[in-house]
Amino acid sequence: MTAELRVVWLLAIRSVRQALRRPQMLAPVVLLPSVFLVANTGAAGRAPSLPGFPPVPAFLDFELPGIILLAATLAAVPGGTALALDVERNFLDRFLAAPMPRAIAVTGRLAGIGLVGSLASVVFLLAGVLFGMQLQSGPLGAGLIVVLAGLTAAGFGGLGAAIAIATGKASYVTGSFPLVFLLLFLSSTFFPAELLRDPGATIAAGNPLTWVADGMRGPILNPGVDLQTTLAAFGGVAVVGVIGAGSAYIALRRRLVATA
Amino acid sequence: MATAIHTAGLCRRFGSTDAVDGVDLDVSDGEIYAFLGPNGAGKTTTVRMLTTLLRPTSGVATIAGYDVIADAGAVRRLIGVALQQVALDPLMTPRELLELQGALYRLSRAEAATRRDDLLERLDLADSASKRVMALSGGMRRRLDLAMSLIGRPQVLFLDEPSTGLDPISRRAVWAEVRELNDSGTTVFLTTQYLEEADHLAHRVGFINGGRISLEGTPETLKRQMGQTRLRVRVAEGQRGAAASQLAAFGHVQSSDSDWVIVALRDGAPAVPAAMHILHESHVSVTDVDVQQPTLDDVFVSLTGDHLAAPGAKA
């Protein structure tokens with residue numbers, strides 16, 4: 001392992017430790033999606049009988065990928081907040097004064113957020129199976145969902161990191177993440193695209209989160225892995241990643257220039 | 001002796017404010033150089049430029065011959081930095097932090113583990129190695145911060161106000177460590193508001209005020225040149241006036257509300273016997289006497305007309 005990869009790995013582990021050692025940081029990743037899951041499956045459990053609803057064994061099987069996606073996107077909140085605290089406490093200076101590429105501070109944090117998002121997806125998959133969800137595509141599908149969740153978390157983590165680096169204030173990170181819900185509700189994350197009305201349906205069709213949600217839902221509802229849906233999901237992840245991670249690296253560069 | 005730190009005309013402007021305004025500096029290998037000055041004098045800004053954390057507006061700065069802008073990577077490999085505000089993650093343990101810092105300085109896993117254990121032992125942190133930073137005292141955090149700055153065996157160590165906010169015992173421990181590091185060949189550049197710290201540690205001091213170095217030299221030379229030996233005598237009741245008028249021949253008599261009459265001796269300590277003799281001849285009854293050697297505070301006062309902080313005072 002190169003020195004750079006080792007630092008990225010240690011920073012990723014650090015992110016997980018931070019989340020576990022400050023349980024309130026896990027609330028957006030675990031607690032909030034759990035509440036959503038319970039509320040939605042409880043209140044809308046009969047939704048699959050609606051005309052136009054895609055055939056599913058149970059509403060839980062439809063809803064769980066959306067909950068995993070919610071957890072993955074919200075993993076950016078504790079990750080971004082922790083990075084903002086690094087800025088506030090000058091801990092970021094440790095990375096900037098070390099003989100390492102300076103971008104490693106961002107890369108390590110994004111890897112950490114991705115790891116937290118992946119672990120959250122494992123927790124929800126296990127919870128889903130425990131409550132009767134049928135994972136049609138087996139371990140391969142589960143692995144695909146975990147990878148997609150991790151990459152989505154890292155991408156959204158980039159947005160959190162960008163806000164953290166640009167403002168240096170944790171409150172700005174936490175305050176800006178209700179916007180995540182807007183993006184999720186304008187996608188097929190919680191509702192089948194077939195039931196959306198325009199302009200919502202049109203927006204959802206072009207929303208990368210729809211592609212990711214469908215890519216996560218496929219392995220649960222169908223045996224095997226559909227190549228086209230999976231490629232679209234990775235395309236969605238790529239869009240989120242380019243925008244998120246790109247913003248974070250630009251924010252770091254601007255910060256270095258501002259202090260340069 | 002080779003030059004560890006060199007600056008020429010180093011400037012840094014923030015908006016219309018010149019935080020550092022033409023600093024010329026040469027620190028030799030193996031030297032402890034203390035940068036003295038009040039808050040806002042430009043100490044931290046200078047350190048941030050020398051450690052590649054801030055780009056100079058103009059001027060030149062090199063560390064061991066490497067330019068801080070053009071060869072920033074090489075500079076970072078040679079230096080260790082402990083900034084003014086202890087930069088630690090409160091949720092991590094000293095062991096984890098040192099492991100991460102070792103990786104940041106490209107030490108192999110085994111090398112980092114050995115170095116980590118050495119530093120924990122050396123800085124008296126071994127018993128607290130697995131506690132979270134939030135559970136450590138201020139002194140322990142400062143020592144951990146110092147340990148992290150040492151992980152890469154720096155050739156040049158920058159310490160920005162290393163003992164600010166520490167209790168006297170922790171401060172002495174940090175001083176002892178700095179001395180030991182220097183004895184092993186590390187060049188130390190430290191900033192401080194505490195004259196006692198500079199006097200105790202530094203081979204040379206530079207006074208910075210308003211972004212400029214106003215005076216530089218060894219503590220002894222500066223005290224000899226700029227400071228004055230003070231004679232303090234306590235006299236019997238009603239004799240303060242007589243004592244003050246007799247002692248005025250030896251230097252400036254400073255006002256005092258107490259029984260003590262204080263004179264800044266123009267000719268230094270050799271004038272003490274003559275001063276005592278004239279008091280005796282004038283039938284002034286001296287009940288106590290005290291000779292105070294010049295301090296760096298005298299030097300600072302003569303430069304700025306103001307005092308710097310005492311180590312116990314809040315920064």
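Letters go in sequence order (proteins before strands), and every chain restarts at 1. All heavy atoms count here, side chains included; hydrogens, waters and symmetry mates do not.
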Engineer: Contact part of B/Val86 toward chain A, heavy-atom cut-off under 4.5 Å: side chain, backbone, both or neither?
Structural biologist: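 It is the backbone, since no side chain atom gets that close.
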Engineer: Against chain A, label B/Ile151 side chain, backbone, both or neither, depending on which of its atoms sit under 4.5 Å from a heavy atom there.
Structural biologist: neither
Engineer: Given that the side chain runs from C-beta out, which part of B/Leu104 has a heavy atom under 4.5 Å from chain A: side chain, backbone, both or neither?
Structural biologist: both
Engineer: Using the salt bridge (Lys or Arg N to Asp or Glu O under 4.0 Å) rule, take B/Asp145 and A/Arg94 through it: C-alpha gap first, then chi angles, then the decisive distance, then the call.
Structural biologist: CA-CA 10 Å; B/Asp145 198 48; A/Arg94 290 217 171 275; 2.3 Å; yes
Engineer: Sort B/Ser108 into side chain, backbone, both or neither according to what part of it lies under 4.5 angstrom from a heavy atom of chain A.
Structural biologist: backbone
Engineer: Name the member of A/Glu4, A/Arg14, A/Gln18 that forms the most heavy-atom pairs with chain B at distances under 4.5 Å.
Structural biologist: A/Arg14
Engineer: When you measure from the centre of the six-membered ring of B/Phe14, is the NZ or CZ of B/Arg12 under 6.0 Å away and within 45° of the axis?
Structural biologist: yes
Engineer: For the residue pair A/Arg109 and A/Ser15, confirm or rule out a side-chain donor-acceptor distance under 3.5 Å.
Structural biologist: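 Checked: A/Arg109/A/Ser15 side chains pair up, N/O donor to acceptor below 3.5 Å.
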Engineer: Donor-acceptor check, side chain of B/Glu31 to backbone of B/Ser28, threshold 3.5 angstrom: yes or no?
Structural biologist: yes
Engineer: Considering only heavy atoms, which portion of B/Ile69 lies under 4.5 Å from any heavy atom of chain A: side chain, backbone, both, or neither?
Structural biologist: neither
Engineer: In sequence, state the C-alpha distance, the side-chain angles, and the governing distance for B/Glu161 and B/Lys43, and then conclude on salt bridge (Lys or Arg N to Asp or Glu O under 4.0 Å).
Structural biologist: CA-CA 9 Å; B/Glu161 303 202 6; B/Lys43 304 187 296 290; 3.5 Å; yes
Engineer: Need one label for A/Arg17: side chain, backbone, both or neither, based on atoms under 4.5 Å from any heavy atom in chain B.
Structural biologist: side chain
Engineer: Any ion pair linking B/Asp21 and B/Arg13 (charged N to carboxylate O, less than 4.0 Å)?
Structural biologist: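 Here B/Arg13 does not pair with B/Asp21 in a salt bridge, since their nearest N and O are not under 4.0 Å apart.
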Engineer: Say whether A/Thr41 and A/Glu63, considering side chains only, have a donor N or O and an acceptor N or O under 3.5 Å apart.
Structural biologist: no
Engineer: Kindly write out the residues that satisfy side chain to side chain donor-acceptor pair (under 3.5 Å) with B/Tyr33, not counting sequence neighbours, or none if the list is empty.
Structural biologist: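 In terms of side chain to side chain donor-acceptor pair (under 3.5 Å), with neighbours along the sequence ignored, B/Tyr33 is linked to B/Glu216.
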Engineer: Counting only heavy atoms from other residues, nucleotides and ligands, does the tally under 6.0 Å from OH of A/Tyr172 exceed 12?
Structural biologist: no
Engineer: When heavy-atom pairs shorter than 4.5 Å are enumerated against chain A, which of B/Met92, B/Glu96, B/Glu99 gives the highest number?
Structural biologist: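 Sorted descending by pairs with chain A, the first entry is B/Glu96.
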Engineer: I'd like to know which of B/Ala72, B/Gly80, B/Pro90 tops the heavy-atom pair count under 4.5 Å against chain A.
Structural biologist: B/Pro90
Engineer: Taking only heavy atoms into account, what residues of residues 113-140 of chain B are found under 4.5 Å from chain A?
Structural biologist: B/Arg132
Engineer: Using non-hydrogen atoms only, which part of B/Ala112 is less than 4.5 Å away from chain A: side chain, backbone, both, or neither?
Structural biologist: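 When you check distances to chain A, only side chain atoms of B/Ala112 fall under 4.5 Å.
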Engineer: Will you find, in the side chains of B/Gln84 and B/Thr44, an N or O donor that is under 3.5 Å from an N or O acceptor?
Structural biologist: yes
Engineer: For B/Arg212, is there an ion pair with B/Asp24 - N to carboxylate O distance below 4.0 angstrom?
Structural biologist: no
